[in-house]
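To start, the structure itself, in structure tokens.
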Amino acid sequence: MTIPNSITTARILLIPLFMVCMSYDWIIAAMLLFAGVSLTDYLDGYLARKMNQVTDLGKVLDPLADKLLVTAAIICFVDDGRMEAWMATVIIAREMIISTLRAVTAAKGLVLEAGLSGKIKTVIQMLGILFMLSPWHYMMAPGTQIYWFVIAAWLITVVTVWSGADYLWEHRRILRKL
């Protein structure tokens, strides 16, 4: 296994630890873990390109690791009331739809590349989740924290839907042939 794929695998294996931290309300530990795992997303891709170790496994594992991490976080946010269940459902559904389309097209020998909107979505999701995990919101006026959570949750949801629609529109000609 290549070094980049090992890093990606480690990212996936750390997700249950993140969820344990969230379950026990160890928010600082969860935030640091989430930040570290998110940063290694950049690292494994950089190393794969730099070391000329881009693999088919890495092309599958890397976006899977992102989706699993984001899904884990939003499930925890629904559990503790920071995000509405319908928002989590929309986000997870988008990820499943796009992943399924990629798998189907890959089976036919076609590659549906991630576009700019997908990269923006990932950054917004990661930053929004980090914001929702960060302790600085405790310094705000009492009772206003929930409004910031709502704004972050809406931003994550809207950007996720937008990027999914953009992805489908961009690849519509290929998708019509399926």
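Remember, predicted model here, so these are calculated numbers, not experimental data.
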Heavy atoms of other groups near [X] [atom1], more than 12 under 6.0 Å:
X    : atom1 : value
E84  : CD    : no
R173 : CZ    : no
I151 : CD1   : yes

Legend entry - Salt-bridge contact D62-R11 (side-chain N to carboxylate O under 4.0 Å):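 Result for this pair is yes, salt bridge flagged.
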Shared hydrophobic cluster for [X] and [Y] (ILVMFWY, side-chain gaps under 4.5 Å):
X    : Y    : value
I174 : W169 : no
L32  : L130 : yes
M87  : F131 : yes
M1   : L14  : yes
I129 : I120 : no

Quick check: closest heavy atoms across [X] and [Y], and the distance to 0.1 Å?
X    : Y    : value
A88  : V78  : CB-CG2, 3.5 Å
G58  : N5   : CA-OD1, 3.2 Å
L133 : I27  : O-CG2, 3.0 Å
A153 : M132 : N-SD, 4.3 Å
L33  : F18  : CD2-N, 3.3 Å
G118 : S163 : N-CB, 4.2 Å

Legend entry - Check: W154 ring centre within less than 6.0 Å of W86 ring centre: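 Centroid distance W154-W86: below 6.0 Å, so yes.
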Legend entry - Any donor-acceptor N/O pair, S99 side chain to M96 backbone, under 3.5 Å: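 It does not hold such a pair.
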Nearest 0.5 angstrom please: [X] [atom1] to [Y] [atom2], how far?
X    : Y    : atom1 : atom2 : value
K121 : D66  : NZ    : CG    : 7.0 Å
I124 : L155 : CD1   : CG    : 5.5 Å
L43  : K50  : CG    : NZ    : 12.5 Å
L57  : Q53  : CG    : CD    : 12.0 Å
D41  : L69  : CG    : CG    : 9.0 Å
Y42  : M126 : OH    : CE    : 15.0 Å

Go through the side-chain N and O atoms of [X] and [Y] and say whether any donor and acceptor fall under 3.5 Å apart.
X    : Y    : answer
T160 : Q125 : yes
T8   : D44  : yes
Y167 : R102 : yes

Legend entry - Note, F77 side chain near F149 side chain (heavy atom, < 4.5 Å):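 Not in contact.
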Legend entry - Contact check, side chains of I75 and M83, non-hydrogen atoms, under 4.5 Å: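 Not in contact.
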Legend entry - Derivation and outcome, side chain to side chain contact (heavy atoms under 4.5 Å, CB included), residues V161 and R94: CA-CA 7 Å; V161 169; R94 182 265 187 218; 6.0 Å; no
